[in-house]
Amino acid sequence: MRIRRVIPQLRTTNLAGSIEFYVTRLAATLEFRYEDFYAGVRLGEDVVHLKHVDEPDPGIAYVREAGHLDLYIEVDDVAEVARVLRQNGVHIACDVHDTDWNTRELVIEDDQGHTLYFGQPLEARQARA
């Protein structure tokens, strides 16, 4: 068995608004759109599917309150990503910070409230106590 890729799906009550957010704010490209029901946006080499639903995703509040995430997007330079996101009008929910697990991360929410982490691997260092 060979897995070619894993494609996450985020639910949205406003497909056009979510496409707009990902394309204009996160510099994604629209990969496809099927009517007002389904779309795919490309972030780097990966694709995220967006599905229209009538009610907000009930998991959004749980993810936010419990400190979970909906997407983790690995990048080369988190500080540069933060600069571009701010320039594009994206609110940073948690600014650039180093973690105990050797990454530098920042957190945003998309137009629907999904929690997106951007992370940069750091050089291996001894874990903090």
Side-chain angles (χ1 to χ4, degrees):
M1 176 174 78
R2 179 177 176 269
I3 296 172
R4 293 184 51 207
R5 71 180 46 118
V6 174
I7 302 173
Q9 178 193 78
L10 300 175
R11 280 127 334 263
T12 174
T13 57
N14 180 347
L15 185 63
S18 291
I19 291 169
E20 174 77 11
F21 177 86
Y22 280 87
V23 170
T24 63
R25 308 282 177 115
L26 300 189
T29 55
L30 181 61
E31 187 80 0
F32 69 89
R33 180 173 182 166
Y34 177 72
E35 299 176 353
D36 288 329
F37 172 70
Y38 211 78
V41 292
R42 180 169 293 281
L43 294 162
E45 296 181 19
D46 297 306
V47 175
V48 175
H49 286 183
L50 303 171
K51 180 181 181 184
H52 180 265
V53 293
D54 293 330
E55 299 292 327
D57 181 342
I60 290 172
Y62 174 77
V63 167
R64 181 185 301 124
E65 292 164 12
H68 299 306
L69 60 91
D70 292 295
L71 294 178
Y72 192 96
I73 302 164
E74 189 173 294
V75 298
D76 292 331
D77 186 346
V78 162
E80 175 63 11
V81 169
R83 186 191 69 72
V84 170
L85 291 175
R86 281 189 185 91
Q87 179 180 319
N88 291 347
V90 176
H91 169 73
I92 307 293
C94 183
D95 212 345
V96 176
H97 61 282
D98 290 353
T99 69
D100 290 339
W101 44 92
N102 297 327
T103 60
R104 181 164 293 139
E105 298 177 346
L106 71 92
V107 182
I108 69 166
E109 290 182 358
D110 74 3
D111 65 303
Q112 296 287 301
H114 293 105
T115 301
L116 282 58
Y117 277 63
F118 289 82
Q120 167 189 352
L122 297 175
E123 294 293 320
R125 65 176 191 258
Q126 201 167 47
R128 298 179 204 156

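Computed from a predicted model, the values in this text were never measured in an experiment. Throughout, residue positions are numbered sequentially from 1 according to the sequence presented.
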S.K.: Are the side chain of R42 and the backbone N or O of E45 linked by a donor-acceptor pair below 3.5 Å?
M.R.: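 Yes: the side chain of R42 pairs with the backbone of E45.
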S.K.: Are V41 and Y117 grouped together when hydrophobic residues (ILVMFWY) are joined by side-chain heavy atoms under 4.5 angstrom apart?
M.R.: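 The answer is no; the residues belong to distinct hydrophobic clusters.
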S.K.: Does the side chain of Y22 come within less than 4.5 Å of L116's, by heavy atoms?
M.R.: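 Yes, at least one pair of side-chain atoms sits under 4.5 Å.
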S.K.: How close do G17 and D111 get, heavy atom to heavy atom, and via which atoms?
M.R.: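 Shortest heavy-atom contact: C-OD2, 3.6 Å.
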S.K.: Has Q112 got a side-chain atom pairing as donor or acceptor with P56's backbone, closer than 3.5 angstrom?
M.R.: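 No, because the side chain of Q112 does not come within donor-acceptor range (under 3.5 Å) of the backbone of P56.
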S.K.: Taking all non-hydrogen atoms of both residues into account, name the closest pair between N88 and R25 and its distance.
M.R.: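 Shortest heavy-atom contact: O-CD, 2.8 Å.
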S.K.: Going from CG on L85 to CD on E80, what distance comes out if it is rounded to the nearest 0.5 angstrom?
M.R.: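 So the gap between those two atoms works out to 9.5 Å.
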S.K.: Are I108 and V75 co-members of a hydrophobic cluster defined by side-chain heavy atoms under 4.5 Å apart?
M.R.: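 Same hydrophobic cluster.
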S.K.: Mind checking side-chain contact (heavy atoms from CB on, under 4.5 Å) for A16 and listing every partner two or more places apart, or none if nothing turns up?
M.R.: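 If we apply the side-chain contact (heavy atoms from CB on, under 4.5 Å) test to A16, skipping adjacent residues, the hits are N14, R33.
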S.K.: Do you know which two heavy atoms are closest between V47 and G40, and how far apart they sit?
M.R.: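 Nearest pair, atom of V47 first, then G40: CG1-CA, 4.2 Å.
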S.K.: Please find the pair of heavy atoms, one from V6 and one from P8, that lie closest to each other, and give the distance.
M.R.: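 In this case the closest contact between V6 and P8 is O-CD, 3.7 Å.
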S.K.: Looking at CD of E31 and CG of L43, how far apart are the two atoms once the value is rounded to the nearest 0.5 Å?
M.R.: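 So the gap between those two atoms works out to 10.5 Å.
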S.K.: Do L26 and F118 have side chains that get closer than 4.5 Å, going by heavy atoms?
M.R.: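 Yes; the side chains approach each other to less than 4.5 Å.
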S.K.: Within this structure, what is the OG1-NZ distance for the pair T12 and K51, rounded to the nearest 0.5 Å?
M.R.: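 Between atom OG1 of T12 and atom NZ of K51 there are 12.5 Å.
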S.K.: Can you name the residues that form a salt bridge (Lys or Arg N to Asp or Glu O under 4.0 Å) with D95, not counting sequence neighbours?
M.R.: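 Result, salt bridge (Lys or Arg N to Asp or Glu O under 4.0 Å) vs D95: R86.
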S.K.: Do L50 and V53 land in one hydrophobic cluster if side-chain heavy atoms of ILVMFWY residues count as linked below 4.5 Å?
M.R.: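 No, it is not one cluster - the side chains of L50 and V53 are not joined through contacts under 4.5 Å.
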S.K.: Testing the basics here: between T29 and V23, what is the closest heavy-atom pair and its distance to 0.1 Å?
M.R.: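 Closest approach of T29 to V23, heavy atoms only: C-CG2, 4.4 Å.
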S.K.: As an exercise, state the distance from CG of L71 to CG of L10, rounded to the nearest 0.5 Å.
M.R.: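 These two atoms lie 4.5 Å from each other.
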S.K.: Say you draw a straight line from NE2 of H114 to CZ of R11; how long is it, rounded to the nearest 0.5 Å?
M.R.: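 H114 atom NE2 to R11 atom CZ measures 5.5 Å (nearest 0.5 Å).
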S.K.: Considering only heavy atoms from C-beta outward, does the side chain of T115 approach that of H68 to under 4.5 Å?
M.R.: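 No; the side chains remain at least 4.5 Å from each other.
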S.K.: Mind checking what makes ring pair (Phe, Tyr, Trp, His ring centres under 6.0 Å) contact with F32, not counting sequence neighbours?
M.R.: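 In terms of ring pair (Phe, Tyr, Trp, His ring centres under 6.0 Å), with neighbours along the sequence ignored, F32 is linked to H49.
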S.K.: Please say yes or no: joined through hydrophobic side-chain contacts below 4.5 Å, possibly via intermediate residues, are V48 and Y38 part of one cluster?
M.R.: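 No, it is not one cluster - the side chains of V48 and Y38 are not joined through contacts under 4.5 Å.
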S.K.: Please name the pair of heavy atoms, one in I60 and one in G113, separated by the smallest distance, quoted to 0.1 Å.
M.R.: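 Answer, listing the atom of I60 first, then G113: CG2-O, 3.3 Å.
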S.K.: Check whether any side-chain heavy atom of Y72 lies under 4.5 Å from a side-chain heavy atom of T103, and answer yes or no.
M.R.: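 Touching, per the 4.5 Å side-chain cut-off.
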S.K.: If Ile, Leu, Val, Met, Phe, Trp and Tyr residues are connected whenever their side-chain heavy atoms lie under 4.5 Å apart, and connections chain through other members, are L69 and I92 in the same group?
M.R.: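 The answer is no; the residues belong to distinct hydrophobic clusters.
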S.K.: Once rounded to the nearest 0.5 Å, what's the spacing between atom CD of Q120 and atom CG of D98?
M.R.: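 Nearest 0.5 Å value for the CD-CG distance: 8.5 Å.
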